[in-house]
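One is the number of the first residue; the rest follow in order along the sequence. Numbering of ligands and ligand atoms starts at 1, following listing order.
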Amino acid sequence: MKYRIISVGRIRENFYQEGIKEYLKRLTAYTAIEMLDGLEEKISPRSSEKEIARILQKEGDRILALLGDNEILIVLDPQGEALSSEQLAVRVQELNLQAKTRINLVIGGAHGLAPPVKQRADQTISLSKMTFPHQMAVLLLTEQLYRSFKILKGEPYHK
Ligand SMILES: C[S@@+](CC[C@H](N)C(=O)[O-])C[C@H]1O[C@@H](n2cnc3c(N)ncnc32)[C@H](O)[C@@H]1O
């Protein structure tokens, strides 16, 4: 099964880039995985609700255009399903057995994700009830995916 992390916001900070790159590299021992970032629209901090909705829709259209019919979409959202690392590992195992071509994990931008993206989601997963910056959410996700594969392989990993 192929994995793709789609981050609407660009991964700008060096220290996030380094961490994400490291976990993506480690993950290649277990699966084919790529990351796509920077799908965001420019937005002013003083944008109106209407402007934000318009931008979210544009970003959402871009995300949905990337997905084939036979691809799984998992949205990352603080309001999503809370899983332990062991439960996430079981979820990864189940997903890997599905007759689908790719698993897409989507992280929203500064204003989250448009309703059509949330509606298309096959699953919505939370990393915590707290809200993180998108770069932190991508880093946490890559680490938790790596942890999942380690758990599934029964390989040692610091607790
Ligand atoms: C800065 S947050 C967006 C916050 C925005 N106010 C909203 O309503 O979604 C950027 C993205 O990071 C991801 N994210 C942040 N915290 C998360 C968490 N605790 N669990 C899962 N994803 C999270 C989500 O995909 C979110 O869309």
Side-chain angles (χ1 to χ4, degrees), residues 1-24 26-27 31 33-68 71-96 100 102-151:
M1 180 66 83
K2 288 187 291 185
Y3 282 74
R4 176 168 61 184
I5 295 172
I6 301 173
S7 171
V8 172
R10 191 170 299 287
I11 309 299
R12 287 196 170 81
E13 311 287 348
N14 230 336
F15 59 96
Y16 284 119
Q17 283 174 0
E18 289 297 317
I20 292 165
K21 199 169 122 198
E22 176 61 29
Y23 283 114
L24 289 177
R26 292 186 192 190
L27 276 160
T31 190
I33 185 158
E34 60 176 325
M35 186 183 71
L36 187 64
D37 68 330
L39 304 179
E40 78 263 54
E41 279 286 300
K42 275 209 177 106
I43 186 163
S44 140
R46 282 164 307 185
S47 293
S48 64
E49 289 294 314
K50 204 172 153 195
E51 180 66 1
I52 292 169
R54 192 186 65 77
I55 276 162
L56 278 184
Q57 192 183 331
K58 268 198 157 182
E59 293 173 348
D61 289 346
R62 270 183 209 140
I63 295 166
L64 295 175
L66 290 169
L67 307 177
E71 298 192 20
I72 294 173
L73 175 61
I74 299 179
V75 158
L76 276 288
D77 189 303
Q79 314 289 331
E81 191 181 357
L83 301 172
S84 66
S85 295
E86 289 74 15
Q87 286 170 326
L88 180 64
V90 171
R91 201 56 71 87
V92 164
Q93 192 172 37
E94 288 166 359
L95 288 165
N96 285 343
K100 300 282 182 176
R102 176 159 41 197
I103 296 163
N104 297 276
L105 297 126
V106 175
I107 286 135
H111 296 281
L113 290 160
V117 177
K118 294 185 176 180
Q119 282 151 17
R120 162 70 172 79
D122 297 286
Q123 296 183 27
T124 305
I125 292 177
S126 166
L127 296 164
S128 157
K129 281 184 183 166
M130 295 178 197
T131 301
F132 302 119
H134 72 274
Q135 301 180 102
M136 178 78 85
V138 174
L139 179 59
L140 286 171
L141 174 63
T142 54
E143 193 280 334
Q144 285 300 305
L145 280 178
Y146 177 65
R147 188 176 288 270
S148 291
F149 281 102
K150 292 298 249 186
I151 291 169

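Residue pairs satisfying the ring-ring contact (aromatic ring centres under 6.0 Å, His included) criterion with at least one member in residues 109-148, sequence neighbours excluded, are listed as follows: Tyr23-Tyr146, Tyr146-Tyr157.
If you check the side chains of Gln144 and Ser85, you find a donor sitting under 3.5 Å from an acceptor.
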Identify all side-chain donor-acceptor contacts of residues 5-12 below 3.5 Å with residues at least two apart in sequence or on another chain.
residue	atom	partner	partner atom	Å
Ser7	OG	Gly9	O	2.7
Arg12	NH1	Glu40	OE2	3.4
Arg12	NH2	Glu40	OE2	3.1

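Residues passing the salt bridge (Lys or Arg N to Asp or Glu O under 4.0 Å) test with Lys58 are Glu41, sequence neighbours excluded.
In terms of heavy atoms, Leu95 sits closest to Ile74 at CD1-CD1, 3.5 Å. Closest non-hydrogen pair, Val138 versus Ile107, comes out as CG2-CD1, 3.6 Å.
Using a 4.0 Å heavy-atom criterion, the residues that approach ligand 1 are Leu76, Asp77, Pro78, Ile107, Gly108, Gly109, Ala110, His111, Gly112, Ile125, Ser126, Leu127, Ser128, Met130, Thr131, Phe132, His134, Ala137.
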